[in-house]
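In what follows, a single structure is set out as C-alpha cells and then discussed.
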Amino acid sequence: MTTPPRIALVTGGLGGIGRAICRQLAAQGAHVIAADLPADATRLAAFNDAMDGLHVETLTLDVGDAVSCAAAIADVEARHGRLDILVNAAGITRDSTLRKMSVEQWDDVLRVNLDSAFHLCRAAVEGMVARGFGRIVNISSVSGQTGNFGQTNYAAAKAGLHGFTMSLAREVAAKGVTVNSLSPGYVETPMTAAMPPEVLARTVATVPVGRVGQPDDIARGVVFLTADDAGYITGINLPINGGMLMGF
Ligand code: NAD
C-alpha cells in the first residue's frame, strides 16, 4: 500500500524563499500548494519553470485577510481531504526609521507578517489536531532576534512570531502537531535585491560562512522541520544565517 502524499500549503509561495520551499517539499513527495497574491502570466510561468518539472498548484490569497485565509484552508481541505503542512512564508518590508514611519507602514507589515500567521494557523490547526498530525513553520527573521535599523515594524512582527509559535506549540503538542519558527539571515531574493552594494558588502562581512544565503539554504530547514519523523521538535526557532548570529 502506498502512503498518500502530504498536503502542504506555502504562503508567499511565488517569492524567492517560498518557491524554493515549494520545490524542495514537492521533491520530497508532498503535494504542494503555493499561495500568493494575484500573479500575472509571466510570474506564474517563471514559477513553473523554477519547479524543475515538479507539479505545484497555485492559489490566490491575501494572507492579511482573515476571511480569505479561512476560505483557503477550507478549500484545500475540501479538495485534498486534509492539510498536513503549513508554511507561513509571505512577508513584506516597509522600512523607515520610527520617527518617519507612518501608521500605514506599521499596519501593513504587522498585517502581512504577523496577523497572517494567526489567521492561517487558527484555520488550519482544527483539522490537524482532529487528524493527529500537523507541521507548521513560521518564517521569521534574524531582524526579529537582533532588531535592525529602520525595521521597528518588521522586527516587531518577526519577534512576535516567536511568541506566537511557542504558545501555539504548547497548545497542540500533545495532538501530534508541531509549530516552529525559522529565522533566515540575509538571503538573496527579490525582497533584498534593492539593497545598496556597499550595505550588502558590509552585511556579507558579518557572515562567517562568507556568502549571502540562498533560498535553498532556508528550504532545507523547512524540509527538516516538516518531516514525518520530526515530531519531537516543537516550539523552537531554527536560525539559518551562515553563522551571522550564533547563540544557545
Ligand atoms: P519575496 O519578496 O521574494 O517573497 C515574499 C512573497 O510574499 C512574495 O511572493 C509576495 O508576493 C508574497 N506576499 C506579500 N504580501 C502578501 C500577501 N498579503 N498575501 C500573500 N502573499 C503575499 O521575499 P523573500 O525574501 O522570499 O521572503 C520570504 C519570507 O522570508 C518573508 O517572510 C521574509 O520576511 C522572510 N525573510 C527573508 C529574508 C531575506 O533576506 N530575503 C531574511 C529573513 C526573513
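Predicted model only: the values in this text are computed from it and were never measured. The figures that follow rest on heavy atoms only: side chains count, while hydrogens, waters and symmetry mates do not. Whatever order the structure lists them in is the order used to number ligands and atoms, beginning at 1.
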Can you figure out which of [options] has its heavy atom closest to [atom]?
| atom | options | answer |
| --- | --- | --- |
| atom 37 (C) of ligand 1 | Val187, Ile17, Ile218 | Ile17 |
| atom 24 (P) of ligand 1 | Thr93, Thr189, Leu61 | Thr189 |
| atom 5 (C) of ligand 1 | Ala35, Gly91, Pro38 | Gly91 |

Using heavy atoms and a threshold below 4.0 Å, how should the contact between [X] and ligand 1 be classified: side chain, backbone, both, or neither?
| X | answer |
| --- | --- |
| Glu188 | neither |
| Arg43 | side chain |
| Thr192 | side chain |
| Ala89 | backbone |
| Val112 | side chain |
| Ser140 | backbone |
| Ile92 | side chain |

Of the protein's non-hydrogen atoms, which lies at the shortest distance from atom 19 (N) of ligand 1, and what is that distance?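 In this structure, atom 19 (N) of ligand 1 has Val63 N, 3.0 Å as its nearest protein heavy atom.
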Which residue and non-hydrogen atom of the protein lie closest to atom 11 (O) of ligand 1, and at what distance in Å?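 Nearest neighbour among protein heavy atoms for atom 11 (O) of ligand 1, to 0.1 Å: Asp36 OD1, 2.6 Å.
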